[in-house]
Structure formats: structure tokens, C-alpha cells
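These numbers come from a predicted model, not from an experiment.
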Amino acid sequence: MTKGIYIEDIKELFQKRKEDANKGDFGKVGILGGSINYSGAVKLASLSLASLRGGCGLVKVIIPKEIVPFVAPALLEQTLFPYENVEDIKKIIIDLDAIAVGMGWGFDEKHLSILKYVLENFTGNLIIDADGLNTLVGHLDLLKNTKAHIVLTPHLKEFSRLTNLTIEEINENKIEIAKSFAKENRVILLLKGSTTIVTDGTDVYLTKYGTPGMATSGSGDILSGILAGLLGYQEFNLLTVSAGAIINLSLIHI
């Protein structure tokens, strides 16, 4: 099944909350990323998923210790968890419901060991974006044995690296290639574009709210934050992931 998804389709996800609801009802979410060169990426992601935006209950911003002075002033209700190695991360993510990983990481070989640990041990909802995707290139086998529910959010160039296909080859049969990749790797794939493709390998949802205004640094980081926030308390499915894309692409409040 291939169908378009619009604002009216996702309103059911955003029902009025109970009067006695508390933050524990809406999930604990982590943003794992950042580097000296790209500290802004985790700021954007954390602000977009925070409980006043994406609706989750609690946010952990998990960043390399050396960039704490650059990120801390941008945090509001989010909590800050610096790390130096994989051992630190093990303790930080143990109680999380969803994690977005890779935004602003940059290229560093040590990230493979972090991503490998998360994929092998985390059992919640996991969004892999940006340099998380670049770290995954050549290691797609890690996806096939994970117990986490995975969303990959590449743009065309990142998807080209993951599939080892040219952008031209992908554009010739974009939907079928996206479906095949998602099915083979057991993920939900969100392939960004003017029409964003969201597929689990069987069904395909299309969101058509993209504009040239999204073609700027940071828009993908915001999407990852929104998705992490939603997947902290919503069901893991194509509609929830599509909702994240619509909120990001349309820049409206439901």
C-alpha cells in the first residue's frame, strides 16, 4: 500500500491529555551526538524534542564532555549527561524509551563502538541520523540483530552512501528502492525530500509538505528531535514517524 499522509491523518495522535497526567506518562528520551565543530546540531535536536515541543516527559542530552560549555547555555528543561567513553553511555541510556543518535557527531572512528553498543543493547525506539548514518555505512549487519526499533532518516546523499547506489539510480525508482532497503534491514526508513518517503518495507506513506526553505543546515536535526520526542510516548509505526515529518516540514502546530 502506498498512500499520502496529511495533517488530518495525524491529528488522532494528539489527543487531549488527562488532567492527572505527569511527565512519567510520556517517556524518557535521549539525544546522543555533538562535537566541537557541530555543537549546534544537538542544541536544535534537544530543543525540538523537549517536553514543551515534542511532548515527551523527560530529555537527556548526551554529549562529549568537551562540548558541555557550548551546549549547556542552550538547555531549558532538558537534563545534561556528558560522556567520555562507551562505559559512561551504558549507564546513561539504561532507562530511556527512545534515543536519537548521530546529529553533529562528525567523523570519528570511536563512534562505531558507541553505535554498536547501542544497537546491541538498547531495546527502545532508536532514530539514527546524520553522522550516525555515516557511521553505519559498511556495517548494516548491525541492524539485523538489534532488539531496538529503528528509524533511519537519510537525505538522498546519505541514502546513496548506505545503499552504494548513485543518486541518479535511486531517483529512477526511489519508492521501490526505499521499500527494499527497509524490508531487508528491518527498519522504518524516512527518506527526506520534497516528498518524504516513509516505509517499513511493506507499506509506504508519502508526505508532501517539503519546500526549498528546508534546504538549510539544521532542519534534519530538528526532525530527529521531533521524532525522538514523539517516539518516547507514541507507538512505533509509520503514522507516528510520518507525523514527525509533517510537523517538521509544515512547521505548524497541530
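- Connection of Ile226 to Leu191 is not established within any shared hydrophobic cluster, with ILVMFWY side chains joined at heavy-atom distances below 4.5 Å, either directly or through further cluster members.
- At a threshold of 4.5 Å between non-hydrogen side-chain atoms, the residues Leu142 and Lys116 count as touching.
- Heavy atoms only, all atoms of each residue included: Val86 and Ser113 are closest at CG2-OG, 3.7 Å.
- Side-chain atoms of Lys174 and Thr195, non-hydrogen and from C-beta on, never get closer than 4.5 Å to each other.
- Ile127 CD1 to Leu133 CG: the interatomic distance, rounded to the nearest 0.5 Å, is 11.5 Å.
- Ser39 places no side-chain N or O within 3.5 Å of a backbone atom of Gly34 that could act as its donor or acceptor partner.
- The side-chain heavy atoms of Leu119 and Ile128, taken from C-beta on, include a pair separated by under 4.5 Å.
- Here the shortest heavy-atom pairing between Gly4 and Asp9 reads O-OD2, 3.9 Å.
- Under a cut-off of 6.0 angstrom, the local environment of CD in Glu109 is sparse, with at most 12 non-hydrogen atoms contributed by other residues, nucleotides or ligands.
- Checking side-chain atoms of Ser160 against main-chain N and O of Leu165 turns up a donor-acceptor pair under 3.5 Å.
- The CD atom of Glu158 lies 6.0 Å from the CZ atom of Arg161; values are rounded to the nearest 0.5 Å.
- In this structure, Asn85 contributes its side chain and Asp88 its backbone to a donor-acceptor pair below 3.5 Å.
- Taking the charged nitrogens against the carboxylate oxygens, Lys90 and Glu87 do have a contact shorter than 4.0 Å, which makes a salt bridge.
- The backbone N or O of Thr207 lies less than 3.5 Å from no partner atom in the side chain of Thr196, so there is not a single donor-acceptor pair.
- A donor-acceptor contact shorter than 3.5 Å is absent between the side chain of Asn125 and the backbone of Ala98.
- In this structure the side chain of Leu152 never reaches within 4.5 angstrom of the side chain of Asn185, judged on heavy atoms.
- When the side chains of ILVMFWY residues are joined at heavy-atom separations under 4.5 Å, either directly or via intervening members, Tyr38 and Leu32 end up in two distinct hydrophobic clusters.
- Closest approach of Pro73 to Pro69, counting heavy atoms only: CD-O, 3.3 Å.
- Judged by distance alone, the side chain of Lys192 and the main-chain N or O of Thr153 form a donor-acceptor pair under 3.5 Å.
- Using a distance-only test at 3.5 Å, with no hydrogens or angles considered, a donor-acceptor pair links the side chain of Lys60 to the main chain of Ile92.
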Report all side-chain donor-acceptor pairs from residues 175-182 shorter than 3.5 Å, counting only partners two or more places apart or in another chain.
none

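- Remark: Ile94 CD1 to Lys28 NZ distance equals 11.0 Å, nearest 0.5 Å.
- Enclosure of atom CG in Asn164 is not indicated, since only 12 or fewer non-hydrogen atoms of other residues, nucleotides or ligands lie within 6.0 angstrom.
- Within the 4.5 Å cutoff, the side chain of Val101 has no heavy atoms near those of the Thr135 side chain.
- One hydrophobic cluster, built from ILVMFWY side chains closer than 4.5 Å, holds both Leu231 and Leu44.
- Annotation: the span from Phe81 atom CZ to Thr79 atom OG1 amounts to 4.0 Å, rounded to 0.5 Å.
- For the ring pair (Phe, Tyr, Trp, His ring centres under 6.0 Å) test, residues two or more places apart in sequence or in another chain that qualify with Phe236 are His149.
- Considering only heavy atoms from C-beta on, Val29 stays 4.5 Å or farther from Asp97 through its side chain.
- Cation-pi contact between Lys147 and Phe122: absent, since separation from the ring centre below 6.0 Å together with deviation from the ring axis within 45° is not met.
- Side-chain atoms of Gln78 come within 3.5 Å of backbone N or O of Leu76 as a donor-acceptor pair.
- For the pair Asn248 (side chain) and Gly244 (backbone), a donor-acceptor distance under 3.5 Å is absent.
- Gly33 and Pro64 make their closest contact through O-CD, 3.3 Å (heavy atoms, listed as atom of the first residue, atom of the second, distance).
- Taking CD1 from Ile246 and NZ from Lys11, the interatomic distance works out to 11.5 Å, rounded to the nearest 0.5 Å.
- Follow the hydrophobic side-chain contacts under 4.5 Å out from Tyr83 and you reach Leu96 in the same cluster.
- With contacts defined as side-chain heavy-atom distances shorter than 4.5 Å, the pair Leu13/Tyr233 does not qualify.
- Of the N and O atoms on the side chains of Ser224 and Asp221, not one donor lies less than 3.5 Å from an acceptor on the other residue.
- Proximity of His111 to Asp131: side-chain heavy atoms (C-beta onward) are nowhere separated by under 4.5 Å.
- Separating the CG atom in Leu140 from the OG1 atom in Thr163 is a distance of 9.0 Å, to the nearest 0.5 Å.
- Not a single donor-acceptor pair under 3.5 Å links the side chain of Thr146 to the backbone N or O of Glu120.
- In terms of hydrophobic clustering, with Ile, Leu, Val, Met, Phe, Trp and Tyr side chains grouped at heavy-atom distances under 4.5 Å, Ile89 and Ile67 are assigned to different clusters.
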If you apply the rule side-chain contact (heavy atoms from CB on, under 4.5 Å), what do you find for Ile197 with Leu206, and how did you get there?
CA-CA 5 Å; Ile197 299 169; Leu206 304 175; 3.8 Å; yes

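- For Lys183, the NZ atom counts as loosely surrounded, since its 6.0 Å shell holds 12 or fewer non-hydrogen atoms of other residues, nucleotides or ligands.
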